[in-house]
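Predicted model, so just to flag it, every value in this text is computed and none were measured. Each chain gets a letter, A, B and so on, in the order the sequences are listed, and its residues count up from 1.
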Amino acid sequence: MENYNLNYLKELESESIYIIREVAAQFERPALLFSGGKDSIILTHLARKSFYPSKIPFPLIHIDTGHNFPETLDYRDKMVESIGANLIVGHVQDSIDKGRVKEETGFNASRNMLQTVTLLDTLEEFKIDAAMGGARRDEEKARAKERFFSHRDEFGQWDPKNQRPELWNIFNGKKNPGEHFRIFPISNWTEMDVWQYLHMEKIEMPVIYFTHKRLCIKRNGTILAHSEHLNLRESENPELLQIRFRTIGDMTCTGAVMSEANSLEDIITEISISRQTERGTRADDKRSDSAMEDRKREGYFDLEFGFGI
Amino acid sequence: MIEYKSNELLRFTTAGSVDDGKSTLIGRLLFDSKSIFEDQLEAVQKTSDFRGLDYLDLSLFTDGLRAEREQSITIDVAYRYFSTPKRKFIIADTPGHIQYTRNMVTGASTANLAIILADARNGIVEQTCRHSLIASLLKINHIVLCVNKLDLVDYSQEIYERIVDQYKVFASKLEVKDISFIPISALMGDNVVDRSDKMDWYEGPTLLYHLENVHIASDSNHIDCRFPVQYVIRPQSDLNHDYRGYAGRIAGGVYKPGDEVTILPSGFTSRIKSIDTFDGPVEEAFAPMSVTITLEDDIDISRGDMIVRTHNQPETGQDIEIILCWLNNKQYNPRAKYLLMHTTKDAKAIIKEINYKIDINTLHRIEDDKILNMNDIARVKLRTTQPLFYDSYSRNRNTGSLILIDEGTKETVAAGMII
Ligand SMILES: Nc1nc2c(ncn2[C@@H]2O[C@H](COP(=O)(O)OP(=O)(O)O)[C@@H](O)[C@H]2O)c(=O)[nH]1
């Protein structure tokens, strides 16, 4: 008998493609939220697969905090160019200039929180009725119950009590005027799945995911990239470290990890090792320590992109 | 080194009465399979210490639901993930309390397997039967009855076997292909991931071994070709000027280029020219692959149509009998019209008749009660505004399932399995 098995990455891929196509079919003005991080890179890749040989039939939206890694913007622009996608950029600076939000000050000043407002304004300006994001359920306990199709009322509010049950592969995107959805096509993927898929698909990644030397500072156990956007304390001295990023967001609050990982294979090995030491009690391992910090950051960042708003 | 190539995905659901040890079992699976991150571990260690426990309270890894239960706010299905070198697992963790039929139905709808827990001290109780019946109703092919807390009954073979026998008598009513039994202690870890050294009398596999090896490839229907068209791809670029592809996820059967197909509802026939993916055309495609089909002939096809094999067609009709589970806290309204979603097709429907309700603890029919409240299960007749192309749910979960939506609130109010 023939063996009709799909390997699990292919099955996850197929599920995500199904959901992305449902979004394109059920909504009038969907969009994909592109942060430059690995999850949104996968999401974009899956969107390409979903409509091939057509181009992606909806825009990508990037919320630019103005504090991006130049490497992220570079990657974004090249990618958009090569796949012929329509890119919309919402600038946090514009929200500040318009007085919609107020710039934070002090040592831990960050524009991370501000981008929520810019995001919502951008979605409204372009009348987006379904915004796809790369959040995953395994990122945090609180997300374990999030739906693929997450409903928002006319005030943009997420009411956990009012989420629709999702059965089989039937996704209810019906809505009343003013209501809209956040959609998470890679909900069922874990961090490891993401890296393995990137490897399997040979997807090109922004260079800062791989090891490089960079001027950094250490603050509260987190390694931060030194840049003109970071306000230094007197005691803080930038030092040259061999690092890479495990996730990418705003420069002022994306933590780096000490790492020599130079390829996706190296990264996968690194993550599987750090998971194993996680089993022992309190491994005093810098790597997994900051890995944990990373995950928190990532949660923080993705919160902007769906869960909770 | 990187071993993803042949790994399969197993989706399972867990059920048991409150305090049977469901959270502990899931925590144990996650912990022993090394799926716990250090920050989670630390938090659980701290809470365990704080409560003065001299062991790690594994149930805390999934305590989201527990906290909610204590505060009696919304209880919902939570999804959790772990993997081993052999398989990736998705757990639909459904709360076991009596009024949560709706959650269990939701969790079971995508599961290949159900783990049902019983406390060795209590044996088979009403909840065990209810959960098993729901699993059977949702056509889960594999059930594992885990008799838990064997440590509290001195790992007694006699007690275990009495429970197994009791369950077998009950299970003879169920339509489940494969039922297994495993004696475990979730707390101590016996027979969950590691073999117990306290139960020499048990010769079967550990739970994890069973999850890794249970045969699921034949759970999908690879006989009846069903391809609901999801989206029409027309690039209209210079390069692909005349390209017209029908995108969708295969709901059943195996498709190959050259196959003769019929399009529903138009009835036109054609042949498959190619089955395309971003990674190139494929020689065959089967459930649950997402592909794009092109045909030899130019036919007007849109979302909601179905491409099937000419000599193996689904049922077509507007009068449909289903087993329905009511999911909404707003009662069923006999005068209302509902929106209906089935595969990629939308229609409207009325419930023409409620044949009978089903007592989910006994499977007995309740004939005189015609009110549907949240968590009720009933056999009903639907009349739809347009014909659906369907199979019975037991033959194909994808083409045999549907949902009903309230026209006003747009909420999903019912799930239906076609008879
Ligand atoms: N002795 C013993 N206690 C267990 C076992 N499994 C769970 N428990 C305990 O039973 C109680 C309820 O377990 P929990 O996992 O929270 O049950 P749930 O309500 O089904 O999620 C807790 O106090 C657990 O420590 C077991 O195998 N042996």
Euclidean distance, A/Leu46 CG relative to B/Phe278 CZ, rounded to 0.5 Å: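 B/Phe278 CZ to A/Leu46 CG: 10.0 Å, rounded to 0.5 Å.
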Spacing of A/Ile267 atom CD1 and A/Gln196 atom CD [to the nearest 0.5 Å]: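 One gets 12.5 Å once the value is rounded to the nearest 0.5 Å.
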Chain B contacts, top residue of [options] (heavy-atom pairs, under 4.5 Å):
{"options": "A/Glu179, A/Lys55, A/Arg48, A/Glu13", "value": "A/Arg48"}
{"options": "A/Ser50, A/Pro165, A/Ser16, A/Gly173", "value": "A/Pro165"}
{"options": "A/Trp189, A/Tyr18, A/Trp168, A/Phe51", "value": "A/Trp168"}
{"options": "A/Asn169, A/Ile170, A/Asp193, A/Ile17", "value": "A/Ile170"}

Determine the option with the most heavy-atom pairs under 4.5 angstrom with chain A, choosing from [options].
{"options": "B/Asp276, B/Leu10, B/Val291", "answer": "B/Val291"}
{"options": "B/Leu339, B/Thr277, B/Thr343, B/Val254", "answer": "B/Val254"}
{"options": "B/Leu138, B/Ile216, B/Asp279, B/Val232", "answer": "B/Asp279"}
{"options": "B/His342, B/Met289, B/Gln230, B/Met341", "answer": "B/Gln230"}
{"options": "B/Ile405, B/Ile90, B/Thr409, B/Leu327", "answer": "B/Ile405"}

Sub-6.0 Å ring centroid separation between B/Phe89 and B/Tyr81: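 Between B/Tyr81 and B/Phe89, which both carry aromatic rings, the centre distance is not below 6.0 Å.
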Salt-bridge contact B/Glu8-B/Lys88 (side-chain N to carboxylate O under 4.0 Å):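 Result for this pair is no, no salt bridge flagged.
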Residues A/Lys174, B/Asp346: salt bridge by 4.0 Å N-O rule: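 A salt bridge is present here (some side-chain N lies under 4.0 Å from a carboxylate O).
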Parallel, tilted or perpendicular, as decided by the 30° and 60° cut-offs, for the rings of A/Tyr197 and A/His45: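 Answer is perpendicular, since the angle exceeds 60°.
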For [X], is it the side chain, the backbone, both, or neither that has a heavy atom closer than 4.5 Å to a heavy atom of chain B?
{"X": "A/Lys175", "result": "backbone"}
{"X": "A/Glu15", "result": "both"}
{"X": "A/Glu166", "result": "backbone"}

Side-chain donor-acceptor contact under 3.5 Å, B/Thr94 with B/Asn103: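 Judged by distance alone, the side chains do not pair up.
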Donor on one side chain, acceptor on other, A/Thr269 and A/Glu265, under 3.5 Å: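 Per modelled atom types, A/Thr269 and A/Glu265 side chains form no pair under 3.5 Å.
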Listed partners of B/Tyr255 passing ring-ring contact (aromatic ring centres under 6.0 Å, His included), at least two apart: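 B/Tyr255: no ring-ring contact (aromatic ring centres under 6.0 Å, His included) contacts found.
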Which portion of B/Tyr79 sits near chain A, non-hydrogen atoms under 4.5 angstrom: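 Both parts, heavy atoms under 4.5 Å.
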B/Arg234 versus chain A, the contacting section by heavy-atom distance below 4.5 Å: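 Only the backbone of B/Arg234 comes within 4.5 Å of chain A.
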